[in-house]
Asker: 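Provided herewith is a single structure, encoded as structure tokens, for subsequent inquiry.
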Amino acid sequence: MPADMNVLLVDDEAELVSTLAERLTLRGIKASWVTSGEEALRRLETTAFDIAVLDVKMPKVDGLELKKRLQERCPAMKFIFVTGHGSTRDFETGASAVGKEYYLVKPLNIETLIAKLKEALQR
């Protein structure tokens, strides 16, 4: 895993996303977290991220809309989506352009997430 990789975690569940960031940091991955799409957009104004891990369902700005907005500002950014709601079919219907390999269901397995981070950044 590149030491200079910078990951942005966005999920409206503060306890989950802060714990996830801590676990990634313990494994040598630079990870920041926010709890809303608005915060993510503000954070991007001051920090460059290689990849964003986005919760699909969040209030106000959902993960799919947030991806569009982040990509407008940072076209090279990669994305992984996570959700605790619905099914894979629901997600694929709304986000066929995302790709199944970048869709994870909560609760997240940290090793699976790290593998997907590596995979996404190699593309």
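What you see is a predicted model; the values in this text were computed from it and never measured. In this chain, residues are counted from 1 in sequence order.
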Asker: What are the two closest non-hydrogen atoms of Met58 and Gly63, and how far apart are they?
Answerer: CE-N, 4.1 Å
Asker: Mind checking whether Met77 and Lys67 have side chains closer than 4.5 Å, heavy atoms only?
Answerer: no
Asker: Step by step, would you call Phe81 with Leu104 a side chain to side chain contact (heavy atoms under 4.5 Å, CB included)?
Answerer: CA-CA 6 Å; Phe81 289 90; Leu104 299 172; over 6 Å; no
Asker: Is Lys68 salt-bridged to Glu72, going by a charged N under 4.0 Å from an acidic O?
Answerer: no
Asker: Minimum heavy-atom separation for Ala31 to Leu9, with atom names?
Answerer: CB-CD1, 4.3 Å
Asker: Closer than 4.0 angstrom, basic N to acidic O: yes or no for Glu119 and Lys116?
Answerer: yes
Asker: Donor-acceptor pair, Thr47 side chain versus Leu44 backbone, under 3.5 Å?
Answerer: no
Asker: Can you measure from CG (Asp50) to SG (Cys74) and round to the nearest 0.5 angstrom?
Answerer: 8.0 Å
Asker: Ignoring hydrogens and geometry, is there a side-chain-to-backbone donor-acceptor pair from Asn6 to Ala48 under 3.5 Å?
Answerer: yes
Asker: If you apply the rule side chain to side chain contact (heavy atoms under 4.5 Å, CB included), what do you find for Ile51 with Leu8, and how did you get there?
Answerer: CA-CA 6 Å; Ile51 190 163; Leu8 176 62; over 6 Å; no
Asker: A side-chain contact here means heavy atoms from C-beta on lying under 4.5 Å apart; do Lys78 and Leu121 qualify?
Answerer: yes
Asker: Between Val56 and Leu16, is there shared hydrophobic-cluster membership here, with clusters defined by ILVMFWY side-chain heavy atoms closer than 4.5 Å?
Answerer: no
Asker: Please step through side chain to side chain contact (heavy atoms under 4.5 Å, CB included) for the pair Arg43 and Ser32, ending with a clear verdict.
Answerer: CA-CA 9 Å; Arg43 185 67 63 93; Ser32 301; 3.4 Å; yes
Asker: Kindly indicate, with the supporting measurements, whether the criterion side chain to side chain contact (heavy atoms under 4.5 Å, CB included) is fulfilled by Leu41 and Glu45.
Answerer: CA-CA 7 Å; Leu41 293 165; Glu45 292 172 8; 5.8 Å; no
Asker: With a 4.5 Å cut-off on side-chain heavy atoms, are Leu113 and Leu24 touching?
Answerer: yes
Asker: Between Val7 and Phe49, is there a side-chain heavy-atom distance shorter than 4.5 Å?
Answerer: no
Asker: Measuring from Leu117:CG to Met5:CE, what's the distance to the nearest 0.5 Å?
Answerer: 5.5 Å
Asker: Side chains of Glu39 and Thr35: donor-acceptor distance under 3.5 Å anywhere?
Answerer: yes
Asker: For Leu108 and Val82, work out which heavy atoms get closest and say how close.
Answerer: CD2-CG1, 3.5 Å
Asker: Of all the heavy-atom pairs spanning Leu64 and Asp62, show the shortest one and how long it is.
Answerer: N-OD1, 3.1 Å
Asker: So do Phe79 and Leu70 actually touch side chain to side chain, heavy atoms under 4.5 Å?
Answerer: yes
Asker: Quick one: closest heavy-atom pair of Lys60 and Glu38, and the distance?
Answerer: CD-OE2, 3.2 Å
Asker: Side chains of Arg73 and Arg69: closer than 4.5 Å at any heavy-atom pair?
Answerer: no
Asker: Sub-3.5 Å donor-acceptor pair from the side chain of Arg27 to the main-chain atoms of Arg23, do we have one?
Answerer: yes
Asker: Answer yes or no: does atom CD of Glu111 have more than 12 heavy-atom neighbours from other residues, nucleotides or ligands under 6.0 Å?
Answerer: yes
Asker: Which heavy atom in Gly37 sits nearest to a heavy atom in Val10, and how many Å separate them?
Answerer: N-CG1, 4.3 Å
Asker: For the atom pair OG (Ser36) and CG (Asp55), what is the distance rounded to the nearest 0.5 Å?
Answerer: 11.5 Å
Asker: Would you mind checking if Lys57 and Asp12 are paired as a salt bridge, meaning a charged N to carboxylate O distance below 4.0 Å?
Answerer: no
